[in-house]
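Please read the structure below before turning to the comments.
In this text the structure is predicted, and so the values were computed from the model without any measurement. Just so we're on the same page: letters track the sequence lines, and every chain starts at 1. Excluded from the calculations below are hydrogen atoms, water molecules and symmetry mates; all remaining heavy atoms, backbone and side chain alike, are included.
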There are 2 protein chains.
Amino acid sequence: MTLEQQCINAGLKMTEQRRVILRVLNGSDDHPSVEVVYQRAKESDPTISIATVYRTLHLLDEMNLVKRHDFRENYSRFEVNLEHHHHLIDLETGEVIEFQNKELEEIKDRIAAELGYELVDHRLELYGKRKR
Amino acid sequence: MTLEQQCINAGLKMTEQRRVILRVLNGSDDHPSVEVVYQRAKESDPTISIATVYRTLHLLDEMNLVKRHDFRENYSRFEVNLEHHHHLIDLETGEVIEFQNKELEEIKDRIAAELGYELVDHRLELYGKRKR
DNA sequence: CTAGCTGCAAAACATTTGCATTTCG
DNA sequence: CGAAATGCAAATGTTTTGCAGCTAG
């Protein structure tokens with residue numbers, strides 16, 4: 001189901017601004033900041049306001065249609081919520097590499113259980129330099 | 001070696017304010033925010049400024065005497081840099097539980113290596129609810 | 001028609017910084 | 001004494017919000 005359809009199902013009004021933002025997000029395979037989403041959205045609709053971008057991303061995050069990240073910059077980045085994965089951030093270029101690891105998933109569940117917790121969410125980020 | 005001694009060795013002036021902040025940090029086994037460090041410091045020295053707390057924590061972070069964390073709140077928390085460990089954050093109480101796991105360390109090194117990276121830093125946080 | 005959205009500008013926050021003054025070494 | 005540190009208040013940068021007008025359903 002498309003992002004747009006999911007929003008409609010949730011009872012949201014499908015405004016032109018939201019359509020533009022959703023299209024931008026669908027077309028982004030990176031991890032854009034609010035500012036970047038705003039810039040991309042302005043290409044389709046120059047009158048859109050950054051406040052609307054903030055409001056929409058916040059909404060989508062709450063609906064779990066988008067995932068908010070903080071990669072130790074002083075702002076948030078967002079990505080369309082696909083399959084579960086983690087990130088390796090290249091400290092020299094800022095490039096973000098995605099990866100998955102099954103073992104990791106097992107271990108973190110086990111750790112939480114051992115501590116008497118039910119795991120709701122987690123995050124793992126690696127920060128590194130490219131080997132040459 | 002004490003935090004104070006390490007600061008002196010690094011060529012920092014040991015001012016009254018710094019002594020107070022370092023004492024607060026040594027006496028904190030939790031993960032206080034800047035505001036909390038400031039409040040605790042004011043008990044010893046009511047004239048201390050929050051700007052000094054910010055400056056000092058920033059300095060200590062750069063010197064790796066303290067570790068800055070972001071637990072998805074809208075501010076940073078700090079902890080005295082002891083042994084390497086990770087955190088489980090109780091989503092209901094905000095309580096932060098520390099843990100270590102050897103397997104995890106091996107896996108993350110391996111993942112970075114496989115991606116062609118040299119691991120500089122990383123973070124792992126679990127967010128959960130207490131089982132009852 | 002009207003509840004929900006938007007744009008705008010102002011507010012809110014955490015954090016940083018310029019500058020005059022104070023202090024450690 | 002002089003470089004470094006402090007306090008204060010103003011500035012910064014991101015994010016949120018009040019409000020009046022607009023629009024999807």
Side-chain angles (χ1 to χ4, degrees), chain A residues 3-25 31-39 41-63 65-78 94, chain B residues 3-25 31-42 44-63 65-78 94:
Chain A
L3 277 183
E4 186 167 333
Q5 194 53 56
Q6 294 189 72
C7 288
I8 290 169
N9 291 354
L12 297 191
K13 277 193 185 179
M14 193 40 57
T15 62
E16 177 55 20
Q17 291 90 332
R18 283 183 178 162
R19 241 188 296 273
V20 167
I21 292 169
L22 295 178
R23 203 184 315 130
V24 165
L25 291 174
H31 306 73
S33 63
V34 171
E35 189 60 36
V36 169
V37 173
Y38 174 53
Q39 293 305 330
K42 275 208 290 197
E43 288 168 22
S44 299
D45 176 0
T47 71
I48 203 167
S49 149
I50 199 168
T52 297
V53 179
Y54 269 104
R55 280 190 274 233
T56 304
L57 286 171
H58 182 252
L59 208 54
L60 295 173
D61 183 34
E62 284 193 325
M63 297 167 68
L65 297 181
V66 117
K67 201 150 175 49
R68 161 183 248 127
H69 291 293
D70 148 44
F71 293 147
R72 294 185 173 172
E73 294 151 317
N74 50 340
Y75 51 81
S76 298
R77 287 166 175 257
F78 293 83
Chain B
L3 277 182
E4 185 167 335
Q5 194 53 55
Q6 294 188 73
C7 289
I8 290 168
N9 292 355
L12 297 191
K13 275 193 186 178
M14 193 40 56
T15 62
E16 176 56 20
Q17 292 88 332
R18 282 183 178 162
R19 239 188 298 272
V20 167
I21 293 169
L22 295 178
R23 203 184 316 130
V24 165
L25 291 173
H31 306 74
S33 62
V34 173
E35 188 61 35
V36 168
V37 173
Y38 174 53
Q39 292 306 331
R40 291 178 186 169
K42 275 208 291 196
S44 299
D45 175 1
T47 72
I48 203 167
S49 149
I50 198 167
T52 297
V53 178
Y54 270 103
R55 281 190 275 233
T56 304
L57 286 171
H58 182 252
L59 207 55
L60 294 174
D61 182 36
E62 284 192 326
M63 296 167 70
L65 297 182
V66 119
K67 199 148 177 52
R68 159 182 248 129
H69 291 292
D70 149 43
F71 294 145
R72 294 186 173 170
E73 294 152 316
N74 50 339
Y75 51 82
S76 298
R77 286 166 175 257
F78 294 82

Just how far, in rounded Å, is [atom2] of [N] from [atom1] of [X]?
| X | N | atom1 | atom2 | result |
| --- | --- | --- | --- | --- |
| Arg68(A) | dT14(D) | CZ | C1' | 10 Å |
| Leu12(A) | dC5(C) | CG | P | 6 Å |
| Asp45(B) | dT23(C) | CG | P | 11 Å |
| Glu16(B) | dG25(C) | CD | P | 12 Å |
| Arg18(A) | dC5(C) | CZ | P | 4 Å |
| Leu59(A) | dT17(D) | CG | P | 13 Å |
| Ile21(B) | dG7(D) | CD1 | P | 8 Å |
| Tyr38(B) | dT6(D) | OH | P | 14 Å |

(request) Report yes or no: do Gln39(A) and Glu43(A) form a side-chain donor-acceptor pair below 3.5 Å? (result)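 Their side chains do not contain a donor-acceptor pair, so the 3.5 Å distance test is not met.
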
(request) Kindly say whether Thr56(B) contributes a backbone atom to a donor-acceptor pair with the side chain of Arg18(B) at under 3.5 angstrom? (result) no

(message) By nearest atom, which of the nucleotides dT6(D), dA4(D), dT16(C) is closest to the Lys13(B) side chain?
(response) dA4(D)

Looking at [N], I'd like to know if its phosphate oxygens (OP1 or OP2) sit under 4.0 Å from a side-chain N or O belonging to [X].
| X | N | answer |
| --- | --- | --- |
| Tyr75(B) | dA14(C) | no |
| Gln17(B) | dC24(C) | no |
| Ser76(A) | dT15(D) | yes |
| Thr15(B) | dT6(D) | yes |

Residue pair [X] / [Y], side-chain heavy-atom distance below 4.5 Å:
| X | Y | value |
| --- | --- | --- |
| Val66(A) | Leu3(A) | no |
| Leu22(B) | Met14(B) | yes |
| Cys7(A) | Leu59(A) | no |

(message) Reading DNA chain C from 5' onward, which residue's closest nucleotide shows up sooner: Arg55(A) or Arg19(B)?
(response)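 The residue whose closest nucleotide sits nearer the 5' end is Arg55(A).
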
(request) Have a look at Ile50(B) and say if it touches a base, only the backbone sugar-phosphate, or nothing, with a 4.0 Å heavy-atom cut-off. (result) nothing

